Amino acid sequence: MIPLSEPFLGGNEWAYLKQCLDTNWVSSAGSFVEAFERIVATYSGAGHAVAVNSGTSALHLALLLARVQANELVLLPNLTFVATANAVRYVGAQPVLIDVRPDDWQMDLDLVEEFLDKSCELQEGSCMHLPSGKRVAALLPVHVLGGMADMDRLLAIAQRWQLPLIEDAAEAVGSRWKDQHAGTLGTLGCLSFNGNKIITTGGGGMLLCRDEDLARRARHLASQAKVPGSPYYHDCTGYNYRLPNLLAALGVAQMEQLDSLLRKRQQLATTYREQLPGVQFQKTHPFCRPNHWLTTIYTHRKEAILQFLQARHIQARSLWTPIKQLPMYQECLYISRENHSQHLFEHCLSLPSSASLTESDQLRVIEAIKAALLRFSA
Ligand SMILES: Cc1ncc(COP(=O)(O)O)c(C=O)c1O
């Protein structure tokens with residue numbers, strides 16, 4: 001089977017893991033945790049990076065740190081992995097789902113502005129949604145498939161409406177807006193290192209921020225809110241979200257290879273585009289340098305091509321079922337004109353994009369897609 005996106009463990013992973021085992025530092029303390037945080041903070045230019053055990057826990061912490069409260073509203077795209085919406089629910093808040101754009105598949109900022117302009121008002125520094133009487137507490141854009149939402153415009157909207165901007169950059173490790181790394185432009189940013197991402201720690205995430213106090217509070221919340229040096233005194237409800245040293249060791253080894261892994265994904269994306277003329281791919285904003293996490297096509301023959309590829313042992317994948325369609329989110333407010341999220345869900349297909357994909361295997365994928373297109377467009 002040619003996988004969609006598999007880990008590439010071609011560097012110092014064994015050596016660093018062995019170091020953890022040899023020294024007995026396998027759990028949530030140890031030098032690799034700090035080293036991983038430092039390397040990610042430096043690479044991204046974030047200022048501060050707090051290692052956690054998943055991208056989802058990074059999102060949960062970000063919403064807590066942004067002081068999003070129960071029954072408040074958080075704006076996020078309707079087309080994303082479910083973790084984005086789940087994290088909003090973890091703090092008791094309500095997602096307001098925004099449709100995505102038909103070209104770059106990112107949250108539609110025209111709809112965000114229309115929602116804010118038409119139904120919200122700034123009252124004593126709070127953005128109030130007038131029909132529900134609820135406070136809009138944060139903007140939570142997602143950098144879908146490693147492309148990026150228009151950050152200049154989002155920052156302007158966040159400033160005008162005095163809203164914290166939390167970037168779900170789980171899929172965007174290595175993506176940049178102009179020269180700034182995804183997840184470092186807003187108030188807080190969240191990365192994921194789960195198994196199918198550009199780099200992986202098996203499971204893990206990172207919270208990025210500029211503000212030292214936010215980083216300190218994130219570390220505190222992630223370690224059960226234990227007051228340091230105290231006899232198990234905890235000053236609020238905390239979480240067990242720390243990243244074990246073993247996984248941080250993998251993270252350091254993976255970060256050392258990140259630039260070459262990004263080059264490889266870029267190369268794959270270029271080859272797909274060159275070899276499949278006439279096929280429609282995800283567009284990117286001219287200011288965005290994407291990480292090409294998953295090269296994804298738009299096609300009217302999605303299901304047929306998916307099955308055709310599967311029969312040839314090639315793994316391809318649909319985008320996520322839109323959040324609005326999931327049973328626990330059907331009651332959410334959905335801001336949309338043409339429901340592009342649904343349309344893209346029905347028509348988009350992510351192609352094998354692993355850094356380990358060989359030239360000949362990529363050629364096999366390309367030939368299979370060409371054959372499928374020929375067969376099913378007839
Ligand atoms: C957009 C998005 N947000 C959040 C997550 C959650 O990250 P994790 O799986 O590390 O919890 C993922 C991916 O897994 C994701 O794709």
Side-chain angles (χ1 to χ4, degrees), residues 3-7 36 40 49-64 66 74-91 95 97-98 100 104-107 138-149 151 154 165-175 182-183 186 188-208 218 222 239-244 247-248 250-251 254-255 265 282 288 290-296 317-324 326 329 341 344-345 348 350 353-354:
L4 181 76
S5 179
E6 66 174 359
F36 187 32
V40 171
V50 180
V52 289
N53 58 10
S54 72
T56 309
S57 25
L59 283 168
H60 185 191
L61 288 180
L63 289 156
L64 290 167
V74 175
L75 274 56
L76 60 115
N78 188 38
L79 190 65
T80 178
F81 180 59
V82 70
T84 321
N86 286 348
V88 172
R89 280 279 169 82
Y90 295 167
V91 298
L97 304 169
I98 310 287
V100 297
D104 64 9
W105 315 344
Q106 309 291 335
M107 182 158 82
L139 294 172
L140 180 51
V142 177
H143 301 311
V144 176
L145 298 172
M148 288 178 76
M151 290 308 296
L154 262 169
L165 178 57
I166 300 169
E167 292 171 71
D168 182 343
E171 299 165 8
V173 172
S175 301
L188 291 145
C190 305
L191 308 180
S192 164
F193 306 116
N194 89 6
N196 67 8
K197 297 296 188 293
I198 295 257
I199 59 166
T200 184
T201 54
M206 194 73 79
L207 187 70
L208 307 178
Y239 303 87
N240 182 9
Y241 280 173
R242 284 171 302 176
L243 186 73
L247 302 190
L250 286 178
Q254 290 273 281
M255 281 301 292
R265 297 237 182 195
Q282 180 187 21
C288 168
N291 64 4
H292 299 289
W293 171 47
L294 293 180
T295 295
T296 304
R317 196 185 75 178
S318 293
L319 296 182
W320 319 271
T321 302
I323 303 292
K324 177 71 177 170
L326 304 178
Y329 294 113
S341 312
L344 292 167
F345 166 61
C348 290
S350 296
S353 302
S354 307

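Numbers here simply count residues along the sequence, with the first being 1. In each ligand, atom 1 is the first atom listed, and ligand 1 is the first ligand listed. This structure is a prediction, so every number in the text was calculated from the model and none was measured.
Of the protein's non-hydrogen atoms, T56 OG1, 2.5 Å is the one closest to atom 11 (O) of ligand 1. Given atom 13 (C) of ligand 1, the protein heavy atom at minimum distance is K197 NZ, 2.8 Å. Of all protein heavy atoms, the one closest to atom 3 (N) of ligand 1 is D168 OD2, 2.8 Å. Looking at atom 9 (O) of ligand 1, its nearest protein heavy atom turns out to be N194 ND2, 3.1 Å. Looking only at heavy atoms of the protein, atom 12 (C) of ligand 1 is closest to F81 CD2, 3.5 Å. From the protein, the heavy atom lying nearest to atom 1 (C) of ligand 1 is E171 OE2, 3.2 Å.
Of the N or O atoms in W320, none lie within a sub-3.5 Å distance of an N or O in ligand 1. Geometrically, ligand 1 and W293 share no nitrogen or oxygen pair separated by less than 3.5 Å. Distances between N or O atoms of L59 and those of ligand 1 include no value under 3.5 Å.
Interface of T80 with ligand 1, defined as ligand atoms under 4.0 Å from a residue heavy atom, comprises 1 (C). Here is the list of ligand 1 atoms found below 4.0 Å of a heavy atom in A83: 4 (C), 5 (C), 6 (C). Counting the atoms of ligand 1 from 1 in the order shown, those under 4.0 Å from a heavy atom of A170 are 2 (C), 3 (N), 4 (C), 5 (C), 12 (C), 15 (C). Listed by number with element, the atoms of ligand 1 under 4.0 angstrom from any heavy atom of G55 are 7 (O), 8 (P), 10 (O), 11 (O). Numbered from 1 in the order shown, with element, the atoms of ligand 1 that lie under 4.0 Å from a heavy atom of T84 read 3 (N). Interface atoms of ligand 1 facing G204, defined by a heavy-atom separation under 4.0 Å, are 10 (O). Numbered from 1 in the order shown, with element, the atoms of ligand 1 that lie under 4.0 Å from a heavy atom of V142 read 1 (C).
One distance of note links OG1 of T321 with CZ of F345; it measures 3.5 Å at 0.5 Å rounding. Annotation: the span from E171 atom CD to T80 atom OG1 amounts to 6.0 Å, rounded to 0.5 Å. Atom CD1 of I166 is separated from atom CG of L59 by 8.0 Å, given to the nearest 0.5 angstrom.
Between Y90 and Y239, the ring centre distance reaches or exceeds 6.0 Å.
In this structure, the side chains of V82 and Y329 come closer than 4.5 Å at one or more pairs of heavy atoms. When side chains are defined from C-beta on, V100 does not count as touching V144, because their heavy atoms never get closer than 4.5 Å. Counting heavy atoms from C-beta on, the side chains of L4 and L294 come closer than 4.5 Å.
A donor-acceptor contact shorter than 3.5 Å is absent between the side chain of N78 and the backbone of P322. Checking side-chain atoms of S353 against main-chain N and O of S5 turns up no donor-acceptor pair under 3.5 Å.
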Could you walk me through whether F193 and V173 satisfy the side-chain contact (heavy atoms from CB on, under 4.5 Å) test, starting with their C-alpha distance in whole Å, then the side-chain angles of each, then the deciding distance to 0.1 Å, before giving a yes or no? CA-CA 9 Å; F193 306 116; V173 172; 4.1 Å; yes
